[in-house]
Amino acid sequence: MSNITQPSNFPIIDQPSSAKCVQVCQNRTCKKQGALKVLAAFMALPIPGVTVTASSCLGQCGNGPMVLILPDMVWYSGVKPDEVSLLIEEHLLGGQRVEQMLYYRFHPQKSN
């Protein structure tokens, strides 16, 4: 019998909370809005500890290209390829949300 389900067969991740995943919607509407180029821009600037994946529909059609950063649950909308480096620098490396790019439905603007 095989013991493939034993926990020792799985890789141990030292700090699972630090692993981030960037999902870039590649469904119809986002694709028409340039999501393929946004995904390519993320892939061109790899960051250690960050996984970038093409996502199926994220359910926010018409507001794309949509980018979801996990496990932070931070949504960015209308992302352009030339804004990817800002997202990487500020959010993924700096730990700060890029306020002006946040998706209004999930991150309402704070009124002063």
Side-chain angles (χ1 to χ4, degrees):
M1 282 199 157
S2 172
N3 291 329
I4 59 169
T5 56
Q6 284 185 326
S8 61
N9 288 336
F10 294 100
I12 295 168
I13 299 169
D14 292 331
Q15 298 174 319
S17 60
S18 67
K20 293 203 186 302
C21 178
V22 176
Q23 294 188 341
V24 183
C25 180
Q26 295 298 304
N27 211 32
R28 278 182 252 159
T29 310
C30 280
K31 221 173 194 173
K32 284 180 187 170
Q33 294 173 315
L36 202 57
K37 288 181 179 176
V38 173
L39 179 63
F42 272 108
M43 298 294 221
L45 300 166
I47 308 141
V50 176
T51 305
V52 176
T53 61
S55 167
S56 57
C57 185
L58 293 172
Q60 305 304 315
C61 301
N63 296 292
M66 294 300 300
V67 172
L68 172 59
I69 299 182
L70 299 171
D72 304 354
M73 286 303 294
V74 176
W75 295 73
Y76 292 105
S77 62
V79 179
K80 295 174 179 57
D82 61 354
E83 295 172 324
V84 167
S85 60
L86 179 65
L87 280 180
I88 290 171
E89 204 171 299
E90 296 288 321
H91 189 130
L92 297 172
L93 297 175
Q96 300 296 315
R97 295 176 176 192
V98 183
E99 295 291 328
Q100 69 271 22
M101 293 174 64
L102 289 172
Y103 183 40
Y104 70 94
R105 281 199 184 147
F106 299 134
H107 308 290
Q109 295 295 316
K110 296 173 186 134
S111 55
N112 291 339

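Computed from a prediction, not measured in an experiment: that's the story for all the values here.
Side chains of Leu87 and Phe42 form a contact here, defined as non-hydrogen atoms less than 4.5 Å apart. The closest side-chain heavy-atom distance from Val67 to Met101 is not below 4.5 Å.
With rounding to the nearest 0.5 angstrom, the CG atom of Leu70 is 9.5 Å from the NZ atom of Lys20. Taking CD of Gln60 as the start and CH2 of Trp75 as the end, the distance is 5.0 Å to the nearest 0.5 Å.
No chain of hydrophobic side-chain contacts below 4.5 Å, direct or via other Ile, Leu, Val, Met, Phe, Trp or Tyr residues, connects Tyr103 to Val38. There is no path of hydrophobic side-chain contacts, each under 4.5 Å, that joins Met43 to Leu36. Under the 4.5 Å side-chain heavy-atom criterion for grouping Ile, Leu, Val, Met, Phe, Trp and Tyr, Val50 is not connected to Leu68 through any hydrophobic cluster. Using a 4.5 Å cut-off between side-chain heavy atoms of Ile, Leu, Val, Met, Phe, Trp and Tyr, with links allowed through other members, Leu58 and Val24 fall into different hydrophobic clusters. Linking Ile, Leu, Val, Met, Phe, Trp and Tyr whenever their side-chain heavy atoms come within less than 4.5 Å puts Ile69 and Val84 in one cluster.
At least one donor-acceptor pair closer than 3.5 Å links the side chain of Gln26 to the backbone N or O of Ala35.
The minimum heavy-atom distance linking Ala19 with Pro71 is given by the pair O-CD, 3.3 Å. A pairwise comparison of heavy atoms in Ser55 and Gln23 identifies CB-CB, 3.9 Å as the closest pair. Contact detail for Gly62 and Thr29: the closest heavy-atom pair is N-CG2, 3.6 Å. Smallest separation of non-hydrogen atoms from Gly64 and Cys30: CA-SG, 3.7 Å. Considering every non-hydrogen atom in both Ser77 and Met66, the closest pair reads CB-SD, 3.6 Å. Between Pro65 and Gly34 the shortest heavy-atom distance is CG-C, 3.8 Å.
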Listed pairs under 3.5 Å, donor-acceptor, residues 88-100 side chains, sequence neighbours left out:
from, atom 1, to, atom 2, distance (Å)
His91, ND1, Tyr76, OH, 2.7
His91, NE2, Asp72, OD2, 2.7

